Enquirer: 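Once you've had a glance at the structure underneath, I'll fire off some questions.
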Amino acid sequence: MKKGDHLFLVDGSGYIFRAYHGLPPLTRKSDGLPVGAVAGFCNMLWKLMVSARDTEVGVTPSHFAVIFDYSSKTFRNELYDQYKANRSAPPEDLVPQFGLIRDATRAFELPCIEIEGFEADDLIATYCRLATEAGGDTTIISSDKDLMQLVSPSVSMYDPMKDREIREPEVIEKWGVPPAKMIDLQALTGDSIDNVPGVPGIGPKTAAQLLEEYGDLDTLLERAGKIKQQKRREVIIANADKARLSRELVRLRTDVPVPETLDELVLHPLNGPKLISFLKAMEFTALTRRVADKTDTDLASVGKAKVEVETGAEAHGPDLDTGEPRPAPDKDTSFPGDRAGKVEGKTPQDLANKRIEEAANSKIDTSAYVTIRDADTLKEWIERAKDIGYVAFDTETTSLDPMQAELCGFSLCSEPGVAAYVPLIHKSGTGDLLGGGLAPDQIDTRTALDLLKPLLEDPSVLKIAQNLKYDLVVMNRYGIDVRPFDDTMLISYVLDAGKGGHGMDVLAERWLGHRTIQFKDVAGTGKAKTTFDYVPIDRATEYAAEDADVTLRLWRALKPRLVADGVVAVYERLERPLVPVLAQMEQRGISVDRQTLSRISGELAQKAAALEDEIYELAGEKFSIGSPKQLGDILFGRMMLPGGSKTKTGQWSTSVFVLEELAAEGHELPRKIVDWRQLTKLKSTYTDALPEYIHPETKRVHTSFALAATTTGRLSSSEPNLQNIPIRTSEGRRIRTAFVAEPGNKLISADYSQIELRLLAHIADIPELKHAFENGLDIHAATAAEMFGLDVEKVPTDVRRQAKTINFGIIYGISAFGLATRLGISREEAGDYIKRYFDRFPGIRNYIEGTKKRARDRLYVETIFGRRAYYPEIKASNPQTRAFNERAAINAPIQGSAADIIRRAMIRMDDALKQEKLGARMLLQVHDELIFEAPEKEVDETIRIVRAVMEDAAMPAVSLSVPLQVDARAADNWDEAH
DNA sequence: GTCCGACCGTA
DNA sequence: TTACGGTCGGACG
């Protein structure tokens, strides 16, 4: 936000009550749902968004947000437990409208902001401050006197019902004091509605007069004894404390940790279809037509949105007539933006709890599922899904690899227990004999997909899947996109990272108390294993439809927890948008040169064979060199070499560390074993394995990125793992030369320099480290210089090496023991180093102690973007377990914040490249590095864009106090590009 | 056939 | 001292 920008802040909660009382009563939808306040609200938003210039405000907003009260409990209740205590429950026909107004806000695609523990007014105050500091102007859409304290030259208020702007003169006219004195005025007068005590008998007139005379509340209370009127004097002296308390109650907080930065409040163009589908559902015909005209939307092409209404009655538990648990509403919002469904007395936590209980108590009957065998029935199911507005979807295929998988069928479920499987290419017979022809009564694949595509791509129907990325890759290969979507695996990951797995089987067990049918139970195992198209259709239906049913139930159980736990933004901004990005990267794959690998493999084989002969010679016998057990027996048993150590299972350790020690003492054999291990490792894990992954059609290697595999938020890569391709040794690096660009293209590697240390400097707030990064110093040398009082330029190399080890140690949750092992020094010396480090950088100790305490208090730690990582064993009685969890908890915010930053860069990257009309494709992510393939002629421009996106990736959500630096290079292969 | 530990490749 | 995944040998059924 900058000078000249204009922020509109709508006091959503205030508006609801105002509209309810100020508008014609009882506007109802055809089904009886009261929507008067919603109607007024929508009309107001519409007016402000398209024609604010024509109102008394007279300006067009550049930024816009709607602010709500989160719940009635706030920090003010801690100041004064009677605050707002005599508020009565809202009128019955207003209750369902609370959620609808949030839905309306989202339909307008406006930020809908609420924070636990704060009133809307505090958020508004905070945003006013931020906007003013940024040089912008603000208009608060409200006429609430509680907000008048905020009026200033850059902040005005606007009463939408009277089309009246409120500035300083209006405040003085109404209250007799300028905005700056409103706090003191309210402290004296109190507020019977909010139960702010004030001074009894002092009303606005008297208060204004007193403030006029004494200037402010403090002066007035100080000199209260001089008040001439006896009664007034006595009452003010007697109630001075109440006045002071009242002042704290009415003073708005301007330091609320608001989730959205100003820049995220930028007003976007209207999404016509989305808004219209909501307005249609609300039956606001006049406004619907106006919106259609203005946004050039074809009214007929837009369906009605599905809107869930949480009524107050639901909060009261079982149905009073039957005693049965009330059926949960079978509708949910079709806006993935989501909302709490919250009404007074019914918090997001209440809804989440209710849903979890509902899930745990439901029974799953796999025999009730339907097999769809004809197009007409499929059409009916699709129509039903459209009506309901969401559908759980799952594919069944011939392979776990989505790039090879052939679609066997798919399942749908829009209502718990009501699920169907659509078989497409199932075979009759086992397939072993007679080849197994196509089983009868299956819809032709093309016909079925032509019917399915409009559903999967329908913007008003939410598709719900477990691990959607898999299905997305498969469906993309059949020419179908899937959006919008929710992913139960990712929801679980955001909620419960660190508490266990997020696969459907474990989630079903955890939340539904249900054991799902296992794939191996239907497809067999080992030699008898078949692909899914050979599973008999009735058995396939049970298995596949159950998956969709379970997915839907998990979604119902877990989705509300995102709001209750305050992690909606993590899910919506860091998790969900990455799914299509990764799906594309996986589909693109990377080109790996088979000949290069084959040549290296041959050389490795020769060298290894030569070493083997020498090893047998030295050992005096042939043995399995790759067997640590046999090797240990030879080295420490037969040859009686010294200095052996044991692993935790009592075996001799033959780790590199042990072998290197022996080699240093002059033994020949251990050296050769180390070399042999390196060669065979490279051969078996890389040069021999990688070619097996070259796709027969694309001729490229397609890894799979797991989004929900780590506790910290990092991705992982498998089949093949392209995040552990060798780089440290020259022999290993040769493997990277096999990763190449297509002719006419280059590979670009862009990596964050020292991102974790930079984040440590930011998070722990270490001025010396920040300074070093700002000035582009060698960070490890600078650390050494700071620790030992040296000149940065003159740090000896091995002192620098030690400082580097300590720096990494800090990030990993250092211990004297670990550092000693690493540096090969005594525990005491290592302890001294750590102490010296902490003394030089006291912020580090604070960070470590603070993080451990938070982890113990809450069982989780979080990244700078609010991603949580749970450490449920942080309080284990076993000191080793506890210490391990503490170190992991210290590491997680740093590693996780870095992971979040590169995720943000990846999410933005494709758009940024497209905007510059660049043909670059993002192929791989290796934790702090992104690999692209780009047309040769566009390399320089691509690097420019890539660096900009990566370096600014934390913004605007988090403004780092340390610059991020990205190094990027282009070459024909990965080795030279890195 | 399946599981686990040791080892080792990456950030 | 953090976070992963793959390969191997060896034990178990």
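Chain letters run A, B, ... following the sequence lines, proteins first and then strands; every chain starts at 1. The structure displayed is predicted, hence computed values, not measured ones.
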Enquirer: Tell me what A:Arg887 touches on the nucleic acid: a base, only sugar-phosphate, or nothing, going by heavy atoms under 4.0 Å.
Expert: sugar-phosphate
Enquirer: Using a heavy-atom cut-off of 4.0 Å across all strands, would you classify A:Gly626 as base, sugar-phosphate, or nothing?
Expert: sugar-phosphate
Enquirer: Between the side chains of A:Thr805 and A:Arg800, is a donor N or O closer than 3.5 angstrom to an acceptor N or O?
Expert: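 Distance-only check fails for A:Thr805 and A:Arg800.
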Enquirer: With no hydrogens and no angle check, do the side chains of A:Gln678 and A:Asp675 hold a donor and an acceptor under 3.5 Å apart?
Expert: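 No, because no side-chain N or O of A:Gln678 sits under 3.5 Å from a partner of the opposite role on A:Asp675.
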Enquirer: Where is the tightest heavy-atom contact between A:Ala977 and A:Leu747, given as atom of each residue plus distance?
Expert: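 Nearest heavy atoms, A:Ala977 then A:Leu747: CB-O, 3.7 Å.
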Enquirer: Just say parallel, tilted or perpendicular for the rings of A:Phe532 and A:Phe519, cut-offs at 30° and 60°.
Expert: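 Ring orientation, 0 to 90° scale: parallel.
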Enquirer: According to a strict under-4.0 Å criterion, is A:Gln630 in side-chain N/O contact with OP1 or OP2 of C:dG10?
Expert: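 For C:dG10, OP1/OP2 do have a side-chain N/O of A:Gln630 under 4.0 Å.
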Enquirer: List in numerical order all residues of residues 714-727 of chain A for which some heavy atom is under 4.0 Å away from an atom belonging to DNA chain B.
Expert: A:Arg714, A:Gln723, A:Asn724, A:Ile725, A:Pro726, A:Ile727
Enquirer: What does A:Ala892 touch in the nucleic acid at a heavy-atom separation under 4.0 angstrom: a base, only the sugar-phosphate, or nothing?
Expert: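 No contact.
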Enquirer: Does a side-chain N or O from A:Thr525 land closer than 4.0 Å to OP1 or OP2 of B:dG1, or not?
Expert: no
Enquirer: For residues 843-852 of chain A, run the donor-acceptor check on the side chains, cut-off 3.5 Å, and write out each pair with its distance to 0.1 Å, sequence neighbours left out.
Expert:
from, atom 1, to, atom 2, distance (Å)
A:Tyr847, OH, A:Ile890, O, 2.9
A:Thr851, OG1, A:Tyr847, O, 2.6

Enquirer: Could you check which of B:dT10, B:dC8, C:dA3 has an atom nearest any side-chain atom of A:Phe884?
Expert: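 Among the listed nucleotides, the one closest to the side chain of A:Phe884 is C:dA3.
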Enquirer: What is the distance, rounded to the nearest whole Å, between atom CD1 of A:Ile673 and atom P of B:dA6?
Expert: 19 Å
Enquirer: Ring of A:Tyr812 versus six-membered ring of C:dT2: centres under 5.5 Å and planes under 30°?
Expert: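 Ring-base stacking flag set for A:Tyr812 and C:dT2.
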Enquirer: With respect to the phosphate group of B:dC7, does any side-chain polar atom (N or O) of A:Ser627 fall under 4.0 Å of OP1 or OP2?
Expert: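 So the side-chain polar atoms of A:Ser627 never come under 4.0 Å of the phosphate oxygens OP1 or OP2 of B:dC7.
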Enquirer: The side chain of A:Tyr686 lies closest to which of these nucleotides: B:dG9, C:dG5, B:dA11?
Expert: B:dG9
Enquirer: When the ring centroid of A:Tyr833 is compared with that of A:Tyr837, is the distance short of 6.0 Å?
Expert: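 Ring centroids of A:Tyr833 and A:Tyr837 are no less than 6.0 Å from each other.
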Enquirer: The side chain of A:Thr711 is closest to which nucleotide in this list: B:dA11, C:dC4, C:dG9?
Expert: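 Nearest nucleotide to the side chain: C:dC4.
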Enquirer: Without decimals, in angstroms, what is the distance between A:Tyr693 OH and C:dG6 C1'?
Expert: 8 Å
Enquirer: Heavy atoms under 4.0 Å, any strand shown: does A:Lys527 hit a base, just sugar-phosphate, or nothing?
Expert: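 Counting heavy atoms under 4.0 Å across all strands, no contact is made by A:Lys527.
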Enquirer: Base, sugar-phosphate, or nothing: which does A:Arg677 touch, judged by heavy atoms less than 4.0 Å apart?
Expert: sugar-phosphate
Enquirer: Establish, for the pair A:Arg867 and A:Phe865, whether the NZ or CZ atom is under 6.0 angstrom from the six-membered ring centre and no further than 45 degrees off its axis.
Expert: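 No.
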Enquirer: Name the residue from A:Glu731, A:Glu614, A:Glu612 that meets the salt bridge (charged side-chain N to carboxylate O under 4.0 Å, His left out) definition with A:Lys607.
Expert: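 Going through the options one by one, the only one that passes is A:Glu731.
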Enquirer: Starting at NZ of A:Lys804 and ending at C1' of B:dA11, how long is that distance when rounded to a whole Å?
Expert: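 So the two atoms are 12 Å apart, to the nearest Å.
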Enquirer: Is the distance from OP1 or OP2 of C:dT1 to the nearest side-chain N or O of A:Thr805 less than 4.0 Å?
Expert: no
Enquirer: In whole Å, what is the span from the CD1 atom of A:Ile625 to the P atom of B:dA6?
Expert: 21 Å
Enquirer: Touch check for A:Phe808, heavy atoms < 4.0 angstrom, all strands: base, sugar-phosphate only, or nothing?
Expert: nothing
Enquirer: Which part of the nucleic acid, if any, lies within contact of A:Tyr752, taking any heavy atom under 4.0 Å across all strands shown: a base, the sugar-phosphate backbone alone, or nothing?
Expert: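 No contact.
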Enquirer: Using whole Å, report how far NE2 of A:His978 lies from P of B:dT10.
Expert: 10 Å
Enquirer: Report the nucleotide, chosen from C:dT7, C:dT1, B:dA11, that has the shortest atom-to-atom distance to any side-chain atom of A:Asp928.
Expert: B:dA11
Enquirer: So which nucleotide from C:dT2, C:dT1, C:dT7 ends up closest to the side chain of A:Phe817?
Expert: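 Taking heavy atoms from C-beta onward, the closest nucleotide is C:dT1.
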Enquirer: Using OP1 and OP2 only, check whether a side-chain N or O of A:Thr649 sits under 4.0 Å from B:dG5.
Expert: no
Enquirer: Of the listed nucleotides (B:dG9, B:dC8, C:dT1), which one gets closest to any side-chain atom of A:Gln678?
Expert: B:dG9
Enquirer: Could you tell me whether the side chains of A:Thr712 and A:Gln895 share a donor-acceptor contact shorter than 3.5 Å?
Expert: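 A:Gln895 and A:Thr712 do have a side-chain donor-acceptor pair below 3.5 Å.
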Enquirer: Whole angstrom is fine here: how far is it from CG in A:Leu690 over to C1' in B:dG9?
Expert: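 From A:Leu690 CG to B:dG9 C1': 12 Å.
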Enquirer: With the side chain of A:Thr647 defined as its heavy atoms from C-beta on, choose the nearest nucleotide among B:dA6, B:dA11, C:dT1.
Expert: B:dA6
